Structures are given as C-alpha cells and as structure tokens.
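First the structure, in the form of structure tokens, and then the observations on it.
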Amino acid sequence: MIKRYIFSIVILTSIHAKAQTIVQRDPVIDSLVKEVSSDSLKGYIDKLVSFGTRSTVSTITDKARGIGAARKWVVQKFTEFGKGSNGRLTAYVDTTTLQPDGKRIDVAVNLGNAMAILKGTDTSDMRVYIISGHLDSRVTDVMNRTAAAPGANDDGSGVAAVLECARIMSKHRFGATIIFVAVSGEEQGLLGAAYLASTALKKSWNVDAMLNNDIMGSNNSNETNIIDNTKVRVFSEGLPAFELDKNAASIRNMGLENDGRSRQLARYVKEIGERYVDNLEVVMIYRNDRFLRGGDHTPFVQAGYAAVRITEMNENFNHQHQDLRTEKGVVYGDLPEFMDFEYLRKNTAVNLATLASLASAPTAPQEVKVRVKDLTNSTTLTWQRPKSGPAKGFYVLLRETTSPVWQKKFFTTTTTMTLPYSKDNYFFAVQSVNGSGNESLPVIPTVAR
Ligand SMILES: [Zn+2]
C-alpha cells in the first residue's frame, strides 16, 4: 500500500532562535488575539487596586475594601461578560472554610475562588481547560490583613489576564469547556488552588491543561538595568510529581525525563504563543517554578494534571510583597505605575491563543504506539482516532534527543506512519489536528510489541 503521508510541513529550529516558523494561523483565533486590549487590562487592575487590600485574611463583609468586595466584583464582571454567551458562561464564588493551620491562617477564614465556566459546545467532549490568576495580595508581613496591599502585578496581572480572556472568549463557541478562575489564598500557601484541584479530582473533571498566570505585567529587574517586554517564561516540571515511582522505570528506559505532560504543555504554549503573538518569545524554563518558590499550578501538577506557570522574564522585587514606602528615593510597593500594559497584553494573548487552540482542537489521538517488533532504522507509529472533535488528520512530531522543541511535523490522514528516522535517535509524538489547524496536545507513544 502506498504511504499516504504528506511532507507538508517541515519546521526547522535552533535552540536560540525564536522557536518555530508559522505553521498556520487560524483566522478565528487570530481575530480573538487582536481583541486583547491593554486598556481593558489596565482598567481591571486599577479596579482591583481600589479594594485597598485583597489579603486572604482581610474583611469579606466590607462593601468597598478587602478580598470579599474584590471577589464579588470579579464575579460581577464574569456575569456581565456572560450576557453575550447565550447562557454558556456561568459565574459564582466557590467558597470553603479554612481552619487555623498554625501557619498562615490564624483564624477561621471563608476562602472563595471567583469562578466562571464557559461550557463547551461538543457534548461528547469532556475536556476542561483552566486559566488562573490569584486574587489575593500581600505586603511584607503575610499576616497583615489591613495595610494597603495593591497587588497590581502580583497578581492583578494574572487576574486581569483571566478576565480579559473570559470577556473575549465568552462570545465564541469552543468544543471543550474553559474555566476562568481568580483563586484566593495563594500567598497563604496555595490554598485556593489546592481547593480547586481537589474539587477537580472529586468531580472527575477531565482537566487537559491548566495555565497559572502569576506576575506577568512588569518588564524590568530591580538589580540590573534590563528593560525587556519581548520574552515571557513558562515553567514546567521535569520529572512528574504524580506517580513518579510507578513510572520511573519506563521514564528511565526510554529517556523520557523531558517528556512529562506539563513539559509537553509548555512546548505547546511556546509553539502556539509564538504562532499568534508577534514580538514575543516564550522561554521554556525546565523547572516547575522559580528557584525554591511555588505557585498555583503545583497542586494541579501534584494531582496528575498538565499544568504550567506563566511569569514575566525579570522580576522587580521592590514591587513584590512590599509595604508601600519610599526609602532613599526608592519607591517600594506593587503599584500599577510600575507595570507595562503592552507587555501584559502580549502575555494575555499567549494564554488566549493557547486556550482557544486547545479548546477548538479535536481530542488527542488514542493508543499511540511505537512498533518495536523488528530492529529497524526507521520508526513506525500507530494510533486510534480521537474520541471527539472533527480530526482532519494527525501530525507526527519529531525532535532530536537534545532539542527542547519539536523540530518537524508530518501530516497524515491515516492512523499509522513510518518515518525514515530511527527511534534510537529521535523523540516522537502524535497530535490530532482539525481543518483550521488547531492541534491537540501531543501524545508520546508507548511500546507495542
Ligand atoms: Zn503571586
């Protein structure tokens, strides 16, 4: 039988070059990306700052100040956006009571995540995508519940990105479900994200990817003179936190220490982000988070989901976790005036493009296998068609073992492919693709004997 694959796309990369040439921009996603507005992002952040403090342990009853008023406002915005969604976007505060933990919760706290769920239009597609930022803010003393804690960048930037994605995406239809969330309790120990991840497990949500946005709207470092709004970091775990012991043998045998689910998601964010957002490089960092620090994707990673953290390239620590003050002419505090809203626009657009691409794509191919029955210098892969979503075909992806990103894509409409590249020397994966070029997350093959 004649092989029916077409060498339609060959993507060449070098490690330092902007990763991949444009494959195909879906005009629908392209137009959504263009709607992301630095003015509306600034508007959300000014409003968030106006609540004075958004400390998780601040008041929830005051109408104008504190985390309670802030989360009510976020849900009100979600509800407003939902009016254009034909009832598909629903918003609520998901609350739980936290008891004193001897750490960063000193009295019982009513913790609330501000949630909006945009229901997918394909009822056979159970995938859920989550985008998060954290609503809570802090000053130098994490237990200070009354001092001004504007939290413009940490993490007004992430919450603004969530709101802007909800505003734009709620007017459109996606096959899969998208959850927009401003979690609380991040600064007290990732408590809102942990509560959400446990809800996802309890309710058996099929979370295909989670994007945590935290500190992504400032373009400079406090120690150096770097000012740069052309790079953003995406952090992903190396060895999986979830079931590592169970999978250690196959990870070791096949050299898959760089191919966990979150790392695949990070590659996807890089490829799609750079496909749709101009003048921005998505820099993959091979770490779950910044050195010895944590974030809201971690409870999801620990629950076995693919989750990454998106954060600005350089952090300015004069404007993070600081009491508002001026010392020797230096202004400390997390204020909007220190932010770059054009940079935040681009970083928000990376999120939107990634979510829109994933939620429009067919589900991933199933039963992806690499044949090892005979010793050969070529590689044969087989798979099954996806459960839902119209797949026009599949891409087989290939990269050298030392390459951080996929280097070639081979298109086929069939469910098998033999390539003249040895599985000894390359990594392979398969992803589904629809007629508009929207790809699923790639699946690494298991062994078929
Ligand atoms: Zn933060």
Side-chain angles (χ1 to χ4, degrees), residues 40-82 90-101 103-116 132-164 166-167 180-196 214-215 217 296 319-325 332-339:
S40 59
L41 290 162
K42 182 173 186 312
Y44 305 140
I45 286 173
D46 287 342
K47 182 69 190 179
L48 288 167
V49 169
S50 79
F51 294 107
T53 175
R54 303 190 307 280
S55 161
T56 301
V57 292
S58 65
T59 172
I60 59 160
T61 51
D62 193 297
K63 285 203 164 50
R65 191 178 173 86
I67 187 90
R71 75 193 192 199
K72 240 177 250 156
W73 174 77
V74 172
V75 166
Q76 188 190 314
K77 289 308 282 182
F78 282 147
T79 306
E80 200 179 289
F81 302 149
T90 48
Y92 57 97
V93 182
D94 187 11
T95 59
T96 185
T97 303
L98 300 176
Q99 297 303 330
D101 61 2
K103 290 181 278 187
R104 292 179 171 190
I105 297 292
D106 54 354
V107 292
V109 162
N110 176 283
L111 178 128
N113 292 334
M115 311 265 298
S132 83
H134 70 82
L135 184 59
D136 58 305
S137 63
R138 63 170 284 186
V139 287
T140 308
D141 172 7
V142 71
M143 298 313 298
N144 189 328
R145 58 207 342 127
T146 52
N153 196 32
D154 183 12
D155 184 29
S157 61
V159 174
V162 169
L163 282 165
E164 187 67 348
R167 178 180 76 81
F180 307 88
V181 55
V183 299
S184 190
E186 197 270 353
E187 306 290 6
Q188 312 308 113
L190 317 179
L191 303 175
Y195 172 60
L196 183 59
D214 196 352
I215 314 179
D296 286 329
H319 306 142
Q320 204 178 109
H321 302 184
Q322 295 279 7
D323 291 331
L324 292 184
R325 67 193 192 279
Y332 291 85
D334 189 356
L335 295 163
E337 65 208 64
F338 301 120
M339 294 180 67

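All values reported here derive from a predicted model rather than from experimental measurement. No hydrogens, no waters, no symmetry mates; every other heavy atom, side chains included, goes into these values.
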Check your understanding: Can any side-chain N or O of Thr56 pair as donor or acceptor with the backbone N or O of Ser184 at less than 3.5 Å?
Key -> no
Check your understanding: So, do Arg138 and Asn144 sit near enough that their side-chain heavy atoms are less than 4.5 Å apart?
Key -> no
Exercise for review: Check salt bridge (Lys or Arg N to Asp or Glu O under 4.0 Å) between Asp106 and all other residues, then give those that pass, not counting sequence neighbours.
Suggested key: Arg145
For residues 75-82, which side-chain N or O atoms pair as donor and acceptor with protein atoms under 3.5 Å away, sequence neighbours left out?
from: Lys77; atom 1: NZ; to: Glu80; atom 2: OE2; distance (Å): 3.1
from: Thr79; atom 1: OG1; to: Val75; atom 2: O; distance (Å): 2.7

Study note, to complete from the structure: Hits for ring pair (Phe, Tyr, Trp, His ring centres under 6.0 Å) against Tyr332, two or more places apart or cross-chain, chain-then-number order -> none
Revision key, fill the gap. dist Met339:CE -> Asn153:CG (nearest 0.5 Å) comes out at 4.5 Å
Review point. Do Asp62 and Phe51 have side chains that get closer than 4.5 Å, going by heavy atoms?
Key: no
Check your understanding: With distance as the sole test, does Asp101 use its side chain to make a donor-acceptor pair with the main-chain N or O of Lys103 at under 3.5 Å?
Key -> yes
Point to revise | By salt bridge (Lys or Arg N to Asp or Glu O under 4.0 Å) - contacts of Asp214 (at least two apart) | key: Arg309
Review point. So, does Arg54 use its side chain to make a donor-acceptor pair with the main chain of Leu48 at under 3.5 Å?
Key: yes
Review point. Looking just at side-chain N and O atoms, do Asp154 and His134 make a donor-acceptor pair shorter than 3.5 Å?
Key: yes
Check your understanding: Got a sec, which residues hit side chain to side chain contact (heavy atoms under 4.5 Å, CB included) with Ala182, two or more places apart in sequence or on another chain?
Key -> Val74, Ala114, Leu135, Val159
**Study point:** Residues which pass salt bridge (Lys or Arg N to Asp or Glu O under 4.0 Å) with Glu164, listed by chain and number, not counting sequence neighbours
**Key:** Arg167
